[in-house]
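Heavy-atom basis, side chains included; hydrogens, waters and symmetry copies ignored. Note that the coordinates shown come from a computational prediction; the quantities given were computed from them, not determined experimentally.
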There are 2 protein chains.
Amino acid sequence: MADINFNEMTRPSGDAPAESRSVADPHPPRWDIVELLFFAYRDFVGDADHVLEAFGFGRAHHRVVHFVCRYPGLTVADLLDVLRITKQSLSRVLKQLLDEGYIVQKAGDSDRRQRLLFATAKGEALVEKLARLQTERIDRALRDLPPAGAEAVGKFLRAMIDRDDPDKVLQTILHGASAKDVT
Amino acid sequence: MADINFNEMTRPSGDAPAESRSVADPHPPRWDIVELLFFAYRDFVGDADHVLEAFGFGRAHHRVVHFVCRYPGLTVADLLDVLRITKQSLSRVLKQLLDEGYIVQKAGDSDRRQRLLFATAKGEALVEKLARLQTERIDRALRDLPPAGAEAVGKFLRAMIDRDDPDKVLQTILHGASAKDVT
DNA sequence: CCTGATATGTCAACATGGCTGACATAAATT
DNA sequence: AATTTATGTCAGCCATGTTGACATATCAGG
């Protein structure tokens with residue numbers, strides 16, 4: 001098992017899978033980064049998955065309770081913008097989180113149609129537990145980088161994100177805008 | 001719409017969601033990186049999703065044809081290691097890719113039970129098209145970084161990946177081992 | 001005050017892509 | 001010859017995404 005037979009498994013870094021190689025490709029595929037992103041994200045979310053299983057939750061629940069915990073008072077509409085899913089999909093997991101006491105709702109004071117969402121202590125504990133796991137991995141990865149390297153990672157990730165039509169949460173993250181700025 | 005009311009949406013960078021704050025937390029949650037990874041990956045895979053839709057494919061198909069294209073001669077077992085899914089799940093999408101001529105099989109020469117997988121020209125074209133899209137985003141994100149910054153990003157991503165029990169593909173990526181090394 | 005737009009909830013149906021369990025076949029290994 | 005291995009396949013379940021339709025409460029404007 002795991003018996004190796006790397007038949008024709010070749011192809012080092014920068015060669016396209018056979019074809020157009022004319023003058024000067026302005027964007028030769030970054031195969032390395034593309035694949036590293038796949039593996040890194042796979043293992044990154046994998047950390048949380050195991051814990052979530054014990055709670056009978058999935059990734060969808062994690063995302064919801066995470067953002068509610070981090071941005072208290074988020075409305076349902078806000079959450080839909082952030083997660084980019086439909087209200088029906090959200091409703092399923094949100095209902096469970098409400099029923100099991102990880103999140104509570106409160107009517108908005110200026111607009112009482114809105115349901116402002118807040119994580120309970122129970123919800124915050126779960127979120128922190130998961131964030132702690134993921135943070136360990138991040139710290140491990142940043143440990144061997146100089147301060148400038150860690151800074152570059154942050155800049156890179158920020159620059160990977162779509163800028164057009166940023167939702168409230170994304171604006172906060174990208175511009176570090178304190179809540180008040182947009183009120 | 002997108003009407004702003006940032007009610008109690010506060011919480012700048014480094015404060016835990018209320019609780020244990022005693023002496024010196026060795027791993028204060030890296031909320032920023034955790035969330036940046038979520039958004040960055042969301043938009044990163046989003047690029048490919050639109051194109052795939054036009055082909056009647058999903059992300060699952062992309063992953064399969066991508067790795068087959070990049071590592072020709074991959075066996076089914078290899079692919080299962082890389083993707084970490086079951087053979088039944090793989091079989092569904094792989095069959096479609098075979099039927100529609102994006103991938104071909106060939107019996108292994110040393111072990112004729114194995115089905116070595118290869119992307120056809122059609123498959124390679126699709127993979128390259130998608131990689132090109134993703135590369136544009138990556139290039140855009142790396143553009144504003146100094147060379148040392150780009151290097152740091154690569155190191156970071158590599159360090160984010162689980163090292164225990166790396167599959168064949170991962171070994172190639174991590175150690176840049178040419179195929180022969182493990183044959 | 002009525003009316004229309006908005007924020008949310010809900011029902012029903014469907015698609016994708018994971019999963020398990022059971023079983024079949026061919027080829028390698030012992 | 002018997003067993004193990006690599007792969008395929010059938011059947012069904014689950015999580016999580018989708019669309020469409022419709023109900024309710026509340027806000028906002030004429």
B:Asp99 atom CG is separated from D:dG8 atom C1', nearest whole Å, by 13 Å

Of the candidates D:dT5, C:dA7, C:dT10, the side chain of B:Arg113 sits closest to D:dT5

Between CD of B:Gln96 and P of C:dA15 the distance, given in whole Å, is 13 Å

note: B:His50, atom NE2; D:dT18, atom P; distance rounded to Å ~ 13 Å

Heavy-atom nearest nucleotide on DNA chain D taken for A:Leu90 and for A:Gly108; more 5' hit belongs to A:Leu90

Picking from D:dT7, D:dT26, C:dT8, the nucleotide nearest the side-chain atoms of A:Asp111 would be D:dT26

* To do: Classify the nucleic acid contact of B:Lys95 as base, sugar-phosphate or nothing, counting any heavy atom under 4.0 Å across all strands shown.
  => sugar-phosphate

Considering only heavy side-chain atoms of A:Val93, the closest of D:dA6, D:dT16, D:dT26 is D:dT16

Of the listed C:dA27, D:dC27, C:dC23, the closest approach to the A:Arg112 side chain comes from D:dC27

Note: for A:Ser91 and B:Ile85 on DNA chain C, the residue whose nearest nucleotide lies more 5' is A:Ser91

Winner on side-chain proximity to A:Gln105, out of D:dA6, C:dG9, D:dG17, is C:dG9

Would you classify B:Arg59 as touching base, sugar-phosphate or nothing, given that sugar-phosphate means primed atoms plus P, OP1 and OP2, and contacts are heavy atoms under 4.0 Å? sugar-phosphate

- Got a salt bridge between B:Asp49 and B:Arg59, using NZ or NE/NH1/NH2 to carboxylate O under 4.0 Å? yes

In whole angstroms, the gap separating P of C:dA15 from NE2 of B:His61 amounts to 14 Å

Exercise for the section: Determine whether the aromatic ring centres of A:Phe38 and B:Phe67 lie less than 6.0 Å apart. Expected result: yes

Assert: residue with more 5' nearest nucleotide on DNA chain D, out of B:Arg115 and A:Arg84, is B:Arg115

TODO: Ignoring backbone atoms, test whether B:Thr86 places a side-chain nitrogen or oxygen under 4.0 Å from the OP1 or OP2 oxygen of C:dC19.
DONE: yes

When rounded to whole Å, the CD to P distance for the pair A:Gln88 and D:dA15 reads 19 Å

**Study point:** side-chain N/O B:Ser89 vs C:dC19 OP1/OP2, d < 4.0 Å
**Key:** yes

Rounded to whole Å, CG of A:Leu80 lies from P of D:dT19 at a distance of 12 Å

Exercise. Can we say B:Glu128 and B:Arg132 salt-bridge, meaning some charged N sits less than 4.0 Å from an Asp/Glu carboxylate O?
Worked result: yes

Is B:Arg30 salt-bridged to A:Asp139, going by a charged N under 4.0 Å from an acidic O? yes

To the nearest angstrom, the CG-P distance between A:Leu98 and C:dT10 comes to 10 Å

Separation of C:dG9 atom C1' from A:Leu116 atom CG, nearest Å, is 16 Å

Carboxylate-amine/guanidinium proximity below 4.0 Å for A:Arg137 and B:Asp162
yes

